[in-house]
Amino acid sequence: QFVESDDDEELLFNIPFTGSVKLKGVIVMGEEDGTHPAEMRLFRNIPHMSFDDTAKEPEQTFSLSRDPSGELEYPTKIARFSNLYHLSMHFPKNFGAETTKIFYIGLKGEWTEAHRHEVTICNYEASANPADHKLQQITPQTHFIS
């Protein structure tokens, strides 16, 4: 089984993670022919990335070699790919075929559970507005102690 591009040689993968990842390496398997990707561009933490967004500067670019057996591992710049929660992989060109085929993508790294704190909406009052704090009428009672 493989993934093949539609009209041209470009492919884009969006990979969300359930935790925080420190990506250390990538393996890409293709065929020995011209459909194997020739270049890989990695983008970090851009959810829902589209082909229009690929004009941005990637975090790291790799020139790929033909690897039908998955023996080549491409090391990433770990400082750029730590605290990763979404990875986008763009394959802009191949070795000359009309379409690109990828049989396997392997990611090597460390996963840790994400500690995301959602936004808390708070309202603070500089001074209390009496109209906001209506109370029942209090009738004072006096008690005498003898």
Side-chain angles (χ1 to χ4, degrees), residues 1-140:
Q1 295 181 346
F2 56 87
V3 173
E4 185 173 11
S5 59
D6 290 337
D7 298 337
D8 56 5
E9 67 275 3
E10 278 190 279
L11 271 175
L12 178 65
F13 292 92
N14 284 304
I15 305 169
F17 298 110
T18 58
S20 180
V21 173
K22 183 188 290 186
L23 185 65
K24 296 181 177 181
V26 179
I27 298 171
V28 178
M29 279 177 45
E31 287 189 321
E32 189 65 39
D33 60 5
T35 61
H36 192 290
E39 184 179 329
M40 174 175 62
R41 303 170 73 220
L42 300 181
F43 298 87
R44 67 183 304 270
N45 299 339
I46 306 175
H48 312 293
M49 186 172 180
S50 67
F51 283 105
D52 296 335
D53 299 324
T54 59
K56 295 179 183 179
E57 186 68 26
E59 296 295 323
Q60 192 168 359
T61 303
F62 297 93
S63 293
L64 303 179
S65 299
R66 290 184 175 120
D67 185 19
S69 59
E71 295 174 352
L72 296 175
E73 181 180 323
Y74 300 96
T76 62
K77 297 175 183 175
I78 297 173
R80 289 189 179 185
F81 292 99
S82 60
N83 197 20
L84 184 69
Y85 61 87
H86 191 276
L87 177 66
S88 298
M89 303 176 77
H90 179 228
F91 298 93
K93 58 185 176 179
N94 58 21
F95 286 100
E98 299 235 352
T99 61
T100 300
K101 289 183 183 178
I102 295 179
F103 287 84
Y104 175 81
I105 295 175
L107 303 175
K108 179 181 174 184
E110 298 173 8
W111 178 87
T112 55
E113 188 175 348
H115 297 287
R116 295 189 189 149
H117 179 71
E118 298 296 328
V119 176
T120 304
I121 300 173
C122 297
N123 293 325
Y124 295 99
E125 296 181 35
S127 62
N129 182 358
D132 292 339
H133 306 282
K134 295 187 180 186
L135 297 174
Q136 296 291 332
Q137 183 66 5
I138 299 176
T139 55

Side chain to side chain contact (heavy atoms under 4.5 Å, CB included) evaluation trace for Ser63 with Tyr74: CA-CA 9 Å; Ser63 293; Tyr74 300 96; over 6 Å; no
Rounded to the nearest 0.5 Å, what separation is found between the [atom1] atom of [X] and the [atom2] atom of [Y]?
| X | Y | atom1 | atom2 | value |
| --- | --- | --- | --- | --- |
| Asn14 | His90 | CG | NE2 | 11.0 Å |
| Gln60 | Phe81 | CD | CZ | 5.5 Å |
| Phe62 | Met89 | CZ | CE | 8.5 Å |
| Glu4 | Ile102 | CD | CD1 | 11.0 Å |
| Trp111 | Leu23 | CH2 | CG | 15.5 Å |
| Ile27 | Leu72 | CD1 | CG | 8.5 Å |

Does [X] use its side chain to pair, donor to acceptor, with the backbone of [Y] at less than 3.5 Å?
| X | Y | result |
| --- | --- | --- |
| Ser88 | Met49 | no |
| Arg41 | Pro92 | no |
| Thr100 | Pro37 | no |

Phe103 and its side-chain contact (heavy atoms from CB on, under 4.5 Å) partner, picked from His36, Glu31, Gln1: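 That would be Glu31; it is the only one of His36, Glu31, Gln1 passing the side-chain contact (heavy atoms from CB on, under 4.5 Å) with Phe103.
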side-chain contact (heavy atoms from CB on, under 4.5 Å) partner of Glu10, the single match among Asp7, Asp8, Leu12: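 The side-chain contact (heavy atoms from CB on, under 4.5 Å) with Glu10 is passed solely by Asp8 among Asp7, Asp8, Leu12.
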Salt-bridge present (Glu9, Lys93; N to O < 4.0 Å):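 Judged by the 4.0 Å cut-off on N to carboxylate O distance, Glu9 and Lys93 do not form a salt bridge.
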Audit row: Ile15, Leu107, side chain to side chain contact (heavy atoms under 4.5 Å, CB included) steps and yes/no: CA-CA 11 Å; Ile15 305 169; Leu107 303 175; 4.2 Å; yes
Closest non-hydrogen atom pair, [X] against [Y]:
| X | Y | answer |
| --- | --- | --- |
| Asp6 | Thr99 | O-CG2, 3.9 Å |
| Phe51 | Thr54 | O-OG1, 2.6 Å |
| Ile46 | Phe43 | CD1-CB, 4.1 Å |

Within 6.0 Å of CD in Glu39, more than 12 heavy atoms from elsewhere: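 It does: Glu39 CD has more than 12 such atoms within range.
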Side chain to side chain contact (heavy atoms under 4.5 Å, CB included) evaluation trace for Leu64 with Phe91: CA-CA 10 Å; Leu64 303 179; Phe91 298 93; 4.1 Å; yes
Close aromatic pair by centroid cut-off 6.0 Å: Tyr85 and Phe17: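 Centroid distance Tyr85-Phe17: not below 6.0 Å, so no.
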Pairwise salt bridge (Lys or Arg N to Asp or Glu O under 4.0 Å) hits with a residue in residues 58-72, at least two apart: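 As it turns out, there is no salt bridge (Lys or Arg N to Asp or Glu O under 4.0 Å) pair with a partner in residues 58-72 once direct neighbours are skipped.
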